[in-house]
> 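Sending over a structure as structure tokens; questions will come in a sec.
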Amino acid sequence: MKQKSYRKQFILLSVLLIVLFAINISLGSVIIPFKDILNTLTGDASVKESWQTIILNFRLPKAITAILVGSGLSVAGLLMQTLFRNPLAGPFVLGISSGASLGVALLILGSSLFGGFFLAHSVSNWSFPIAASVGAFLVLSAVIIAANRVRNTMSILIIGLMFGSLTSAVISVLAYFSEAAQIQQFLFWSFGSLGNLSWNEILVFMVIYIIGILATVAVIKPLNSLLLGENYAKSLGINVKKNRNIILLITSILTGVITAFAGPIAFVGLAVPHIARMIFVSSNHKILLPAVIILGASILLICDSISQLPTSEFTLPINAITSLFGAPIVIWLLIRKKKLFV
Amino acid sequence: MIENSENSILKTENLTIGYPQKKQDHIIFSNINLSIEKGRLISVLGKNGIGKSTLLRTLCKVQKPITGAIYFEGKELNTYSENDLSKKLSLVLTERLPESQLTVFELIALGRQPYTNWIDTLSKADLEKIETAIKQTEIGHLKNQRFYELSDGQLQRVLIARALAQDTDVIILDEPTAHLDMHQTINIFSLLQQLVKQTNKTIIVSSHEINLALKLSDEIILLTENNLQFGTTESLIAKNAFDKLFPNNLLKFNKSLQQFVINKT
């Protein structure tokens with residue numbers, strides 16, 4: 001499905017991404033000259049050691065995390081909007097982030113209920129990702145089992161929302177019986193955070209992310225045929241049920257791993273596909289997939305740069321920034337364009 | 001019904017269609033024996049709710065028959081994989097397309113999916129088929145428009161072009177003229193008739209445009225209460241088959257005009 005060339009837009013956006021990446025690692029509570037940042041990245045050891053540590057162990061991992069989280073969530077959002085042919089769908093409609101939250105809630109809040117068992121394990125910094133992944137995976141399994149029993153894809157949307165409500169309710173009950181300190185700890189996790197990841201964690205994150213993106217490339221064809229609805233897709237020789245499960249699985253893996261490492265980050269997954277459609281005026285997934293990857297990464301880099309409150313000691317929760325700055329943009333785009341597409 | 005199995009492309013044997021239910025199956029029509037030949041325009045006629053869609057859905061494997069068998073080019077329909085069938089049979093459905101920003105060209109190009117590789121690259125042959133389909137339906141001027149900008153009549157032509165691009169021997173259309181005015185309706189029907197002549201495809205179309213269908217189709221599948229009749233317009237008229245199509249006397253079939261007329265009271 002070629003015809004129109006989108007090269008100009010892609011080049012522009014890629015340059016933008018690189019610039020944003022550079023800005024992102026230049027900002028922080030310590031001012032480091034850009035020249036020294038470049039030298040550090042190219043492996044020059046003459047730069048001040050504390051600066052090297054800041055860049056290599058804090059800023060660089062955080063910027064990479066922002067790219068993975070932003071693009072991953074956007075791809076998941078695109079998949080959900082096409083699968084459900086609903087512009088309001090996002091990566092969290094399946095209740096996966098609620099599942100991840102439940103895992104973390106059980107770990108933090110449940111420790112007071114179930115005694116020392118969880119507490120003993122919560123020392124390791126892997127315990128949050130693992131708890132979140134297990135929670136996400138359990139909800140995902142429940143959704144997929146339920147999805148294969150209903151014929152209508154729209155019902156899956158409702159089932160996902162119901163699972164979301166259920167897990168939220170369980171979290172409320174847990175929170176009710178917990179102590180203030182633990183509730184605060186959980187609350188901080190739910191704010192989302194792009195920092196705090198070690199290189200080892202990023203490596204695991206990246207491998208899973210790449211698997212998810214490669215799998216998405218493999219379903220571009222069924223995704224495009226789904227733009228005509230399931231019956232047409234089927235008449236074009238697409239195995240709708242199989243591809244539906246694959247799409248659900250990819251979304252779950254991407255959102256699961258992202259929520260596990262960075263917390264439930266709102267808004268990006270829903271909004272970025274719409275911004276991409278408005279820029280490229282296309283619904284073709286061959287165009288949209290690279291577009292949402294670049295745009296999602298760029299937008300989260302911007303949000304992260306803002307949340308650091310440049311030159312100050314404070315960092316605002318990333319989850320608040322994404323919504324605070326993103327929601328008005330989407331509202332503005334909608335009012336201007338008046339129509340949402342899939 | 002004289003059967004000529006040599007030329008028949010779609011055949012049913014003692015087919016019963018309907019919806020399986022726990023206690024007793026809900027049967028719409030039973031004992032259907034059709035033999036449809038290549039290069040025919042076939043209209044499926046019947047009043048609302050009589051089971052036109054059920055029949056079409058069963059013929060294109062969306063729905064399972066209760067009993068009996070369907071043969072497609074002599075092979076049982078069940079033995080076709082989804083991908084094999086998509087090279088033999090294409091559809092134009094009544095359902096609205098989800099709102100997307102696909103262009104007319106992209107939409108028609110989706111018809112090539114059964115033939116393209118895993119990443120859906122259009123080969124030269126694919127592009128040629130698409131161009132031919134666009135020419136046959138005379139929509140070259142719409143190629144770069146988004147499909148949501150089109151009128152209902154234009155959209156039907158685009159959907160027919162998509163089915164043509166799929167390059168199948170049989171095209172099934174479910175009420176393609178449902179939202180169209182008289183001019184557009186005639187336009188679509190004559191396009192279908194023309195396509196059958198040009199391409200030797202078999203086109204099966206369900207419609208409420210009875211008078212038009214009687215004039216332009218080669219054969220009719222007529223659905224009345226518990227009765228399915230198949231034959232040329234003349235043979236069905238000779239059997240007085242159309243008298244029972246509608247229940248009361250508001251509409252009457254006029255044999256000499258070969259169409260339905262409103263009864264003036």
Side-chain angles (χ1 to χ4, degrees), chain A residues 1-4 78 81-89 151 153-154 214-243 273-274 276-289 291 337-342, chain B residues 53 56-57 60-63 80-122 126-127 130 143-144 146-149 158-159 162-163 165-166 168 170-172 174:
Chain A
M1 278 201 273
K2 46 181 175 187
Q3 254 201 336
K4 214 172 137 189
L78 178 68
Q81 287 172 7
T82 303
L83 179 67
F84 295 118
R85 290 168 300 284
N86 187 329
L88 286 178
R151 212 178 285 163
T153 303
M154 297 309 148
L214 288 181
T216 311
V217 173
V219 291
I220 284 181
K221 189 172 168 179
L223 282 171
N224 275 338
S225 68
L226 276 173
L227 289 173
L228 300 178
E230 285 181 13
N231 286 331
Y232 275 119
K234 207 178 156 202
S235 85
L236 285 166
I238 302 291
N239 185 338
V240 171
K241 212 165 186 181
K242 188 182 104 192
N243 281 292
H274 289 299
R277 283 187 202 100
M278 281 170 191
I279 293 177
F280 287 87
V281 205
S282 174
S283 290
N284 183 352
H285 290 81
K286 274 192 205 169
I287 309 292
L288 285 183
L289 180 62
K337 281 280 199 166
K338 291 199 173 74
K339 206 163 178 190
L340 274 184
F341 294 100
V342 182
Chain B
S53 292
L56 293 186
R57 286 160 63 91
C60 61
K61 211 189 163 192
V62 169
Q63 193 173 330
Y80 283 91
S81 74
E82 259 150 2
N83 197 268
D84 289 341
L85 191 63
S86 67
K87 293 174 185 167
K88 303 276 176 194
L89 177 79
S90 54
L91 304 177
V92 175
L93 304 167
T94 27
E95 61 184 42
R96 282 187 79 90
L97 296 177
E99 291 191 339
S100 73
Q101 304 189 98
L102 286 177
T103 63
V104 167
F105 181 85
E106 285 175 326
L107 204 160
I108 297 169
L110 283 175
R112 296 304 298 167
Q113 276 212 351
Y115 307 92
T116 55
N117 62 1
W118 69 279
I119 194 86
D120 208 9
T121 328
L122 294 173
D126 291 324
L127 289 170
I130 294 167
K143 215 158 85 173
N144 295 318
R146 321 251 154 222
F147 79 83
Y148 59 81
E149 298 166 334
V158 171
L159 290 173
R162 194 207 59 83
Q166 208 174 324
T168 57
V170 179
I171 302 177
I172 292 181
D174 194 6

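Naming: A, B, ... by sequence-line order, numbering from 1 per chain. Both backbone and side-chain heavy atoms feed into the values below; hydrogens, waters and symmetry mates do not.
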> Determine whether Trp118(B) and Val217(A) make a side-chain contact, defined as any pair of heavy atoms from C-beta on separated by less than 4.5 Å.
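When only atoms from C-beta onward are counted, Val217(A) and Trp118(B) do touch, with a gap below 4.5 Å.
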> So how far is it from Ser283(A) OG to Tyr148(B) OH, rounded to the nearest 0.5 Å?
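If we round to the nearest 0.5 Å, Ser283(A):OG and Tyr148(B):OH are 8.5 Å apart.
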> Between Cys60(B), Ser90(B), Pro98(B), which residue shows the highest count of heavy-atom pairs closer than 4.5 Å to chain A?
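Heavy-atom pairs under 4.5 Å are most numerous for Pro98(B).
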> Answer with side chain, backbone, both or neither: which region of Arg162(B) has an atom nearer than 4.5 Å to a non-hydrogen atom of chain A?
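Side chain of Arg162(B) only, per the 4.5 Å heavy-atom cut-off to chain A.
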> Counting only heavy atoms closer than 4.5 Å, note whether Ile108(B) contacts chain A via side chain, backbone, both or neither.
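For Ile108(B), no heavy atom lies under 4.5 Å from chain A.
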> Given that the side chain runs from C-beta out, which part of Leu85(B) has a heavy atom under 4.5 Å from chain A: side chain, backbone, both or neither?
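Interface part for Leu85(B): neither.
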> What part of Arg277(A) lies closer than 4.5 angstrom to a heavy atom of chain B: side chain, backbone, both or neither?
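The answer is both parts of Arg277(A).
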> Using 0.5 Å steps for rounding, measure from the CZ atom of Phe280(A) to the CD atom of Gln101(B).
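Those atoms lie 12.0 Å apart.
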> With a 4.5 angstrom heavy-atom cut-off, is it the side chain or the backbone of Lys61(B) that approaches chain A, or both, or neither?
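For Lys61(B), the contact with chain A is made by the backbone alone.
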> Do you know which two heavy atoms are closest between Ser235(A) and Gln166(B), and how far apart they sit?
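Closest approach of Ser235(A) to Gln166(B), heavy atoms only: O-NE2, 3.0 Å.
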> Compare every heavy atom of Arg146(B) with every heavy atom of Val281(A), then report the nearest pair and how far apart it is.
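Residues Val281(A) and Arg146(B), closest heavy atoms: O-NH1, 2.9 Å.
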> Testing the basics here: between Leu97(B) and Leu228(A), what is the closest heavy-atom pair and its distance to 0.1 Å?
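It is CD2-O, 3.7 Å.
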> Side chain, backbone, both or neither: which part of Leu227(A) has a non-hydrogen atom closer than 4.5 Å to chain B?
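Both the backbone and the side chain of Leu227(A) come within 4.5 Å of chain B.
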> Enter the distance from Leu223(A):CG to Asp120(B):CG here, rounded to the nearest 0.5 Å.
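CG of Asp120(B) is found 11.0 Å from CG of Leu223(A).
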> Is there side-chain contact between Leu91(B) and Lys234(A), with at least one heavy-atom pair below 4.5 Å?
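With C-beta onward as the side chain, the pair stays apart.
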> Which of the residues Thr116(B), Ile130(B), Asp126(B) is involved in the greatest number of heavy-atom pairs with chain A at under 4.5 angstrom?
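Option with the greatest count: Thr116(B).
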> Give, as side chain, backbone, both or neither, the part of Leu89(B) having an atom under 4.5 angstrom from any heavy atom of chain A.
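Contact with chain A is through the backbone of Leu89(B) alone.
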> Roughly how far, to the nearest 0.5 Å, is CG of Leu226(A) from OG of Ser100(B)?
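Result: 11.5 Å between the selected atoms.
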> Drop me the distance from Leu236(A)'s CG to Glu82(B)'s CD, to the nearest 0.5 angstrom.
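Interatomic distance, Leu236(A) CG to Glu82(B) CD, rounded to 0.5 Å: 11.0 Å.
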> Might you point out which heavy atoms bring Gln113(B) and Ile238(A) nearest each other, and give the distance in Å?
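Where Gln113(B) meets Ile238(A) most closely, the heavy atoms are OE1-CD1, 3.6 Å.
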> Side chain, backbone, both or neither: which part of Val219(A) has a heavy atom under 4.5 Å from chain B?
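For Val219(A), there is no contact with chain B at all, as no heavy atom is under 4.5 Å.
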